[in-house]
> 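To start, I am sharing the structure in question, which I have written as structure tokens.
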Amino acid sequence: MKFPWSHTSIVDMIKNDHKVHDKCSHVTIEIANGKLDIATFVEELGPALTHTESDIRTKGVSLLTSVLQALPADCLNAEQITFLCAFYTDRAKDHSAVYPTVVAGLHALVLMSNFASTSAVPVLKALFTDITCQCLKKPERTLHLETIMALSERYEDVLKQWGADFVYGVIGAIEGERDPRILLYLFERMPTFIRTFPMHHLAEEMFETLACYFPIDFHPNPNDPSDITREKLAERLANCLCATSEMAVFAIPLLQEKLDSSLLSAKLDSLALLGRCLPLLEVPQVEEHFDDLWNALKEQLLPTPPTSVDKELLEAGLTATRELLKQASKDETAAKQLLDQILLSVMAHLTDANSKHFEMSLQVVLSCGRGSEYCAVYITGKMVPMLLAQLNSDSHIELRLQNVLLDGLQRVMAICAECFCIGKLDSSLVEQVQRQFVQILQSAGAQIGDQVKVALKAVATAPEMVLSENRYVVYSALVAMLLNANCSNTDTAEECLLSLAIRYQEEVKTVVLQQLLSYDLATVDLTLVQRLFKTFGKFILYHGYTYKIVDFLLKKIFAEPLDERLAIVSMDTLTLAVEDGRWDELAKGELYVQYKLIDRFFDYVNDQLSSDYMHSMALLMVAVVKRLSVEEQKELILKRLPPLKLQHRTDLYLMSGLLGYLDSSVPLVDHFESLVTDLTQLALTTDDERVRGLCNQLLCSLFNRMPDDEHHRGVLKRLLVVLKSELKKHNHQAVLILSWIGKGLIARGHKDAGEIVDDIAELLDHPTLGHMAALAFEILSVEFPQLHLPLIRGLFKQKLFVWVMKKLEAQLERYAETHLKALAFVFKATPHTVLRMNLTKVGPILLRCLAQDDDRTALEALTIVLRFTREEEPFIKDHLQTLIPALLKLSVRQSSMNVRIKALECLLYISSYPTFLLLPFKANVLQQLQKPLDDRKRLVRSAAVAARLQWFIVGAEETKTDK
């Protein structure tokens, strides 16, 4: 096929036809189908490509480029691509107006599959020599740099042979770039480039080209859709500056200079860069900078005069100090020299615990100690005598300073424990330290003061430092503390005991546990019992203690005679241990298989046991059954479920333990109808609140997992008929049962759920059941952590919102209190995005909820309104005349402190709205907010002060500007 345009018409068309690019689409198709050769097309464009006017030449090249960009990547062969590359590199010497289309054309060619490696160098020479990257606009600069990067990734061997000229060309292309998107693109690719291609003599020049961007000073446009942040740019730039060791060596002088900046971000970036570059360098390369680096770090960490250091800067400075010592530790001589220099700088502060810089100096030396094992031993050897000398001084030391020194001693020993090098310390030094802490524990009695906490923490951190003869003193102190009913917090003692238990298992078993387990708990306060059993529960998870503790707890659970108080705490302890999740075999391999816990419960329970015992038993059974395999659950249900009779209270709790967290694949078809019928009857007739709650939750779970077939739908319909007949008798429990069944069906997206929601919504108008119907919507909406719903369908909360709004939105004007309360519960559970999308419907309802006397309704509505107020939704701004008076009224509602606080918070956010909206309300708001200022609750007074202050300055800026 011959190209249809004549030699004279092509130029005319380029000049006069603005849609000439669109008409070239058929050319692209012909070339892609092999019916037209690309060389023929270029020949036909010849008059335009060689025209005397640069504008015509530009448009001619643009036509060719647009065709190339639209072609498939594998359309052209290597010969054709080489021919086109030669054409475009020649065009690169043309007028600057042609450059953008040349760059785009070369970019399209480079991305083609058959691009020849022999064309890589000529293309890059044209880009480096003939076209200055920074003279192009942003889109063309992007293509220019993408072309270079694509060639460097695909033709590594060819470009390595080119040598330093290639690296120099890349430096020239990226130098001076300012666009953050292009910089991010470059920063992400340059580390690989620098590691791939030898820099030759250009390493410093490459570094300086990138270092001009350090530290990053970038403030993104809040309306920019891209996710470019200063932190992302800074992190990618640091990767470039520390890509190789020959680059990293130039980073140290740079970061030293930037640490003097007054900008916090510059300091943080410099410290982060130090941490990145040190691992790449050898000690001699850094050693010459030790003095300057420590002085720079000291200026940040120990400013003169003493001032508070930014928390983030402090953390970064300490991290950099640790990394510096870690690097120096490759040569112990260099590390010792640097450590001596640092210790000499902070010695004056460390020898005076009353110094303002004592704590910071201590943190510095601790960071040094964490650099390596050598540093930990060296720092400990210097610090321990210094701290002990102050503690054991002949002069009186006030208690506060004693606590400070003991805490410092504990932290110093901790760094050796972290490095597992306490054995490398001077034994006499370790003996002095442990004696100091043991004496504190020996004289503490059963009380846990500040010094005792430090001593316990020290022993917990480094139990190996305590001599064998002194460990028994520690054990005695721990037992006394754990058995002291007046100790409100024994967490530190428990942590210490567990640390010793791991290292000295037999000692702890015989000396500590034996005393605790044999202690007579019959008359002990319940709080102490719970605390002791919590400690036992932690031991269960440690190998070597499991059987001893489990045997003890099971004896309490199945004791004859039974002490229910101890039995319940024992079951709760086992439940927590099973739910911990760190050892699933505890439930399956130990409790279920070896101890046969489920079987023992079935054999043991009787009607004399209290509901509290049964409830704890059910929770423990649920925790165990949940961790069984599906086959084991099936076997257990087949064996244990059929004999149960729900008329017996004990059987109900046993069934609750079996079914509470059953896998959805375990079949219950043979028992489903009898189960739901019996549970419904029991829930309707029982007066036991806990039994009723169990029945409702089981019904919810059973209907959630119900197979969706004709038989089970029939069971549901028959049950609904029974419940509706109970509703006619004004049975309040029938409403709750209906809501629990509806909850299970809604969560799985069952088609009959909408009918139940409609039935409950109709009850909102009922004179005696309306209040219960409103509470039913809370059950439908709220999540219950202990409720197991095996089948959950996405967006079910949104579906509930749609159902309720469809049923009730047409009756807004005649909403009663029950309607509004129900809607408030539904809105609370609905995702905020859905509420915002429907704010024109939801907003008026929320405003009416704020006017209700019921605190729950008002509080739920306020919570939602508060978020919309903070987000400055237009609906809120349009209804301030209704909202502000309602909030002022709620701010003095004495029946609920939370309502008052949230109302005041709403008023606070409203105060930032445009002045012209607020001025009509300002005087009244200031007057009405005087009363909350005298509220009896401090939190309300604080909220009132904040709100009134902001309302007081409304319009102040405009007045100042006018003047």
> If I compare all heavy atoms of Gln256 with all of Asp292, which pair ends up nearest, and what's the gap?
NE2-CB, 2.9 Å
> Can you tell me how far OG1 of Thr229 sits from CD of Glu235, rounded to the nearest 0.5 angstrom?
9.0 Å
> Kindly indicate, with the supporting measurements, whether the criterion side-chain contact (heavy atoms from CB on, under 4.5 Å) is fulfilled by Leu271 and Leu259.
CA-CA 8 Å; Leu271 292 170; Leu259 271 172; 3.9 Å; yes
> Answer whether the closest heavy-atom distance between the side chains of Pro215 and Leu263 falls below 4.5 Å.
no
> Step by step, would you call His219 with Asp217 a side-chain contact (heavy atoms from CB on, under 4.5 Å)?
CA-CA 7 Å; His219 303 282; Asp217 183 18; 3.3 Å; yes
> Output yes when a side-chain donor or acceptor of Arg141 lies under 3.5 Å from a complementary backbone atom of Leu136, and no otherwise.
yes
> Can you tell me if Tyr213 uses its side chain to pair, donor with acceptor, with the backbone of Glu177 under 3.5 Å?
yes
> Are the side chain of Gln161 and the backbone of Val158 linked by a donor-acceptor contact shorter than 3.5 Å?
no
> Please report the closest heavy-atom contact between Pro253 and His289, naming both atoms and the distance.
CG-CE1, 4.3 Å
> Can you give me the closest heavy-atom contact between Leu325 and Ala335, atom names plus distance?
CD1-O, 4.4 Å
> Phe197 and Phe166: aromatic ring centres closer than 6.0 Å?
yes
> Atom SG in Cys133, atom CZ in Phe128: separation rounded to 0.5 Å?
10.0 Å
> Would you say that Asp74 contacts Met112 through its side chain, given a criterion of any heavy-atom pair below 4.5 Å between the two side chains?
no
> Return all side-chain donor-acceptor pairs below 3.5 angstrom for residues 84-110, not counting sequence neighbours, or 'none' if the list is empty.
{"unit_1": "Tyr88", "atom_1": "OH", "unit_2": "Thr65", "atom_2": "N", "d": "3.4"}
{"unit_1": "Tyr88", "atom_1": "OH", "unit_2": "Thr65", "atom_2": "OG1", "d": "2.8"}
{"unit_1": "Thr89", "atom_1": "OG1", "unit_2": "Cys85", "atom_2": "O", "d": "2.9"}
{"unit_1": "Thr89", "atom_1": "OG1", "unit_2": "Ala86", "atom_2": "O", "d": "2.9"}
{"unit_1": "Arg91", "atom_1": "NH1", "unit_2": "Leu49", "atom_2": "O", "d": "3.1"}
{"unit_1": "Arg91", "atom_1": "NH1", "unit_2": "Asp94", "atom_2": "OD2", "d": "3.1"}
{"unit_1": "Asp94", "atom_1": "OD1", "unit_2": "Arg57", "atom_2": "NE", "d": "3.3"}
{"unit_1": "Asp94", "atom_1": "OD1", "unit_2": "Arg57", "atom_2": "NH2", "d": "2.8"}
{"unit_1": "Asp94", "atom_1": "OD2", "unit_2": "Arg57", "atom_2": "NE", "d": "2.9"}
{"unit_1": "His95", "atom_1": "ND1", "unit_2": "Ala97", "atom_2": "N", "d": "3.0"}
{"unit_1": "Tyr99", "atom_1": "OH", "unit_2": "Asp130", "atom_2": "O", "d": "3.2"}
{"unit_1": "Thr101", "atom_1": "OG1", "unit_2": "Val98", "atom_2": "O", "d": "2.8"}
{"unit_1": "His107", "atom_1": "NE2", "unit_2": "Glu146", "atom_2": "OE1", "d": "3.1"}

> Restricting to non-hydrogen atoms, name the atom on Met247 and the atom on Ala203 that form the minimum distance, rounded to 0.1 Å.
SD-O, 3.6 Å
> Under a 4.5 Å cut-off applied to non-hydrogen side-chain atoms, are Pro220 and Ile228 in contact?
no
> State the CE-CG distance between Met190 and Leu237, to the nearest 0.5 angstrom.
11.0 Å
> Does atom NZ (Lys326) have a neighbourhood of more than 12 heavy atoms from anything else shown, all under 6.0 Å?
no
> Do Glu873 and Lys877 sit within salt-bridge range, that is, some charged N less than 4.0 Å from a carboxylate O?
no
> Go through the structure and list residues passing ring pair (Phe, Tyr, Trp, His ring centres under 6.0 Å) with Phe218, not counting sequence neighbours.
none
> By side-chain hydrogen bond (donor to acceptor under 3.5 Å, both in side chains), which residues pair with Asp663, not counting sequence neighbours?
Ser665
> What pairs of donor and acceptor atoms, side-chain ones from residues 311-319 against any protein atom, are under 3.5 angstrom apart with sequence neighbours left out?
{"unit_1": "Thr319", "atom_1": "OG1", "unit_2": "Glu315", "atom_2": "O", "d": "2.8"}

> Between Glu153 and Thr196, is any pair of side-chain heavy atoms under 4.5 Å apart?
no
> Holding to side-chain hydrogen bond (donor to acceptor under 3.5 Å, both in side chains), I want the full list of residues that pass it with Thr833, two or more places apart in sequence or in another chain.
none
> Measuring only between side-chain heavy atoms, which start at C-beta, is Phe250 closer than 4.5 Å to Leu241?
no
> Is Ser62 reaching over with its side chain to a backbone N or O of Thr58, donor-acceptor style, under 3.5 angstrom?
no
> Taking the side chain as everything from C-beta on, heavy atoms only, tell me whether Thr830 gets closer than 4.5 Å to Leu800.
no
> Starting at CG of Leu835, measure out to CG of Leu839 and round the result to the nearest 0.5 Å.
8.0 Å
> Is Glu871 salt-bridged to Arg836, cutoff N-O under 4.0 Å?
yes
> In a table with atom names and distances, give each donor-acceptor pair under 3.5 Å that connects a side chain of residues 178-185 to protein atoms at least two apart or in another chain.
{"unit_1": "Asp179", "atom_1": "OD1", "unit_2": "Arg181", "atom_2": "N", "d": "2.9"}
{"unit_1": "Asp179", "atom_1": "OD1", "unit_2": "Ile182", "atom_2": "N", "d": "3.3"}
{"unit_1": "Arg181", "atom_1": "NH2", "unit_2": "Asp224", "atom_2": "OD1", "d": "3.2"}
{"unit_1": "Arg181", "atom_1": "NH2", "unit_2": "Asp224", "atom_2": "OD2", "d": "2.7"}

> Output yes when a side-chain donor or acceptor of Lys799 lies under 3.5 Å from a complementary backbone atom of Gly749, and no otherwise.
no
> If you count heavy atoms of other groups shown closer than 6.0 angstrom to CD of Glu79, is the number above 12?
no
> Donor-acceptor pair, Asn704 side chain versus Leu745 backbone, under 3.5 Å?
no
> Just checking Phe115 against Tyr155, ring centres under 6.0 Å apart?
yes
> Atom CD in Glu140, atom SG in Cys135: separation rounded to 0.5 Å?
12.5 Å
> Side chains of Lys232 and Arg236: closer than 4.5 Å at any heavy-atom pair?
yes
> Taking all non-hydrogen atoms of both residues, which atom of Phe290 and which atom of Ala328 are closest, and how far apart?
CZ-CB, 3.6 Å
> Taking only Lys NZ, Arg NE, NH1 and NH2, and the carboxylate oxygens of Asp or Glu, determine whether Lys797 and Glu783 approach each other closer than 4.0 Å.
yes
> Pair Asp37, Gln80 - check side chain to side chain donor-acceptor pair (under 3.5 Å), show working.
CA-CA 9 Å; Asp37 187 72; Gln80 292 171 320; 3.0 Å; yes
> Between the side chain of Arg230 and the main-chain N/O of Ile216, is any donor-acceptor distance below 3.5 Å?
yes
> Could you walk me through whether Glu175 and Gln134 pass the side chain to side chain donor-acceptor pair (under 3.5 Å) test, one step at a time?
CA-CA 8 Å; Glu175 192 171 22; Gln134 295 309 313; over 6 Å; no
> What verdict does the side-chain contact (heavy atoms from CB on, under 4.5 Å) test give for Glu323 and Leu274, after you've listed the backbone C-alpha separation in whole Å, the side-chain angles of each residue and the deciding distance to 0.1 Å?
CA-CA 8 Å; Glu323 292 300 317; Leu274 177 60; over 6 Å; no
> So do Lys258 and Leu254 actually touch side chain to side chain, heavy atoms under 4.5 Å?
yes
> Measure centre to centre between the rings of His200 and Tyr168, then say whether the value is under 6.0 Å.
no
> If you round to the nearest 0.5 Å, how far is CG of Leu293 from CD of Glu288?
10.0 Å
> Could you walk me through whether Thr869 and Tyr913 satisfy the side-chain contact (heavy atoms from CB on, under 4.5 Å) test, starting with their C-alpha distance in whole Å, then the side-chain angles of each, then the deciding distance to 0.1 Å, before giving a yes or no?
CA-CA 10 Å; Thr869 305; Tyr913 287 9; 3.5 Å; yes
> Ignoring hydrogens, what is the shortest heavy-atom contact between His832 and Phe868? Give both atom names and the distance.
CE1-CE2, 3.3 Å
